[in-house]
Amino acid sequence: METLNHILQNARQRAEQNGLPYAGALTPAEAQKVLELAPAAKLVDVRSRAELELVGRVPGASHIEWAFYPGMVANPDFLSQLNMQVDHEVLVMFLCRTGGRSHNAAVVATQAGYTEAFNILEGFEGESTTDSKQRGRINGWKAAGLPWTNA
């Protein structure tokens, strides 16, 4: 059984190896394990409300849109909303569809003084298949069989 320390050490090494400016990069399975081992940790889903309603959500995750649908217009209040929902001292993990917006959120959070900001690689849906272009089958939170709901 992996310990919290081991998981976070791997995530930190991944970030360092890839020149990422935040605390670490977690796989979806590692992020779920962090939630189990560190009850104070926060998962912030930065997808649009439409994505949550149409594709699914992680139970217990906070939600702060990085950009609004339609048009994917940037949320000018993202950081102030994050500050209202998440303490700067808490380990915070960001999740989006494939890992891009959550990367940006982790960068902004780190710049704002969140010392334990992590990106969840692969995101909720992960890469699309080459044949049908469907997501959620190759990698990502859903493909890993982690808890999610359409409710």
Side-chain angles (χ1 to χ4, degrees), residues 1-67 69 75 77-129 134-151:
M1 173 193 245
E2 279 193 303
T3 65
L4 180 61
N5 248 0
H6 186 253
I7 293 168
L8 296 179
Q9 180 181 14
N10 286 343
R12 291 180 201 288
Q13 286 175 343
R14 228 177 260 127
E16 187 177 324
Q17 290 168 349
N18 292 294
L20 302 174
Y22 39 81
L26 296 157
T27 67
E30 289 170 339
Q32 175 61 31
K33 200 69 176 164
V34 168
L35 290 173
E36 293 169 10
L37 297 172
K42 298 281 185 188
L43 190 153
V44 177
D45 194 326
V46 300
R47 294 177 297 148
S48 69
R49 185 167 311 286
E51 288 173 290
L52 295 182
E53 291 171 5
L54 296 171
V55 181
R57 65 185 77 222
V58 177
S62 296
H63 178 238
I64 305 171
E65 291 176 280
W66 179 257
Y69 179 85
N75 177 359
D77 299 319
F78 177 82
L79 192 54
S80 64
Q81 292 171 352
L82 180 65
N83 287 332
M84 287 189 314
Q85 293 186 37
V86 180
D87 186 282
H88 278 72
E89 303 302 315
V90 170
L91 188 153
V92 59
M93 301 173 286
F94 295 97
L95 177 73
C96 69
R97 183 179 72 171
T98 60
R101 286 172 283 171
S102 55
H103 163 84
N104 294 337
V107 170
V108 167
T110 299
Q111 291 169 345
Y114 288 84
T115 58
E116 293 295 309
F118 290 78
N119 181 27
I120 300 176
L121 302 168
E122 305 168 9
F124 187 75
E125 294 183 84
E127 297 173 60
S128 60
T129 60
Q134 288 185 319
R135 295 186 184 279
R137 296 179 180 213
I138 296 175
N139 58 14
W141 191 275
K142 285 174 82 172
L146 301 172
W148 68 279
T149 181
N150 277 331

Point-to-point distance, once rounded to the nearest 0.5 Å, from [atom1] of [X] to [atom2] of [Y]:
X: Lys142; Y: Arg97; atom1: NZ; atom2: CZ; result: 12.0 Å
X: Asn119; Y: Met93; atom1: CG; atom2: CE; result: 11.5 Å
X: Leu26; Y: Leu121; atom1: CG; atom2: CG; result: 7.5 Å
X: Leu35; Y: Leu146; atom1: CG; atom2: CG; result: 9.5 Å
X: Glu116; Y: Lys42; atom1: CD; atom2: NZ; result: 15.5 Å
X: Asp45; Y: Cys96; atom1: CG; atom2: SG; result: 8.0 Å

(message) Under the rule for side-chain contact (heavy atoms from CB on, under 4.5 Å), what residues qualify as partners of Ala23, not counting sequence neighbours?
(response) Arg12, Phe118

(request) Applying side-chain contact (heavy atoms from CB on, under 4.5 Å), name anything that partners Asp77, two or more places apart in sequence or on another chain. (result) Asn75, Ser80, Gln81

(request) Applying ring pair (Phe, Tyr, Trp, His ring centres under 6.0 Å), name anything that partners His6, two or more places apart in sequence or on another chain. (result) none

Heavy-atom pair with the smallest gap, counting every atom of [X] and [Y]:
X: Ala15; Y: Gly24; value: CB-CA, 3.6 Å
X: Phe124; Y: Arg57; value: CZ-N, 3.8 Å
X: Ser48; Y: Glu65; value: CA-OE2, 3.4 Å
X: Ala117; Y: Ala109; value: CB-CB, 4.2 Å
X: Val90; Y: Ala41; value: CG1-CA, 4.2 Å
X: Thr110; Y: Pro21; value: CG2-O, 3.3 Å

Is the shortest heavy-atom distance from the side chain of [X] to the side chain of [Y] under 4.5 Å?
X: Thr27; Y: Arg14; answer: yes
X: Phe94; Y: Leu82; answer: yes
X: Gln32; Y: Trp141; answer: yes
X: Leu54; Y: Tyr69; answer: no
X: Phe78; Y: Val46; answer: yes
X: Tyr114; Y: His88; answer: yes
X: Ile7; Y: Leu37; answer: yes
X: Ile120; Y: Ser102; answer: no

(message) Less than 4.0 angstrom from a charged side-chain N to a carboxylate O is my criterion; do Glu125 and Arg47 meet it?
(response) no

(request) State whether Lys33 and Glu30 are salt-bridged, where the test is any N-O pair (Lys NZ or Arg NE/NH1/NH2 against Asp/Glu carboxylate O) under 4.0 Å. (result) no

(message) A quick test of your reading: do over 12 heavy atoms of other residues, nucleotides or ligands sit less than 6.0 Å from CG of Asn5?
(response) no

(message) How about CD on Gln85, more than 12 heavy atoms from neighbouring residues, nucleotides or ligands closer than 6.0 Å, or not?
(response) yes

Which residue pairs pass the ring-ring contact (aromatic ring centres under 6.0 Å, His included) test with at least one member in [range], sequence neighbours excluded?
range: residues 23-46; answer: none
range: residues 13-55; answer: Tyr22-His103
range: residues 35-65; answer: none

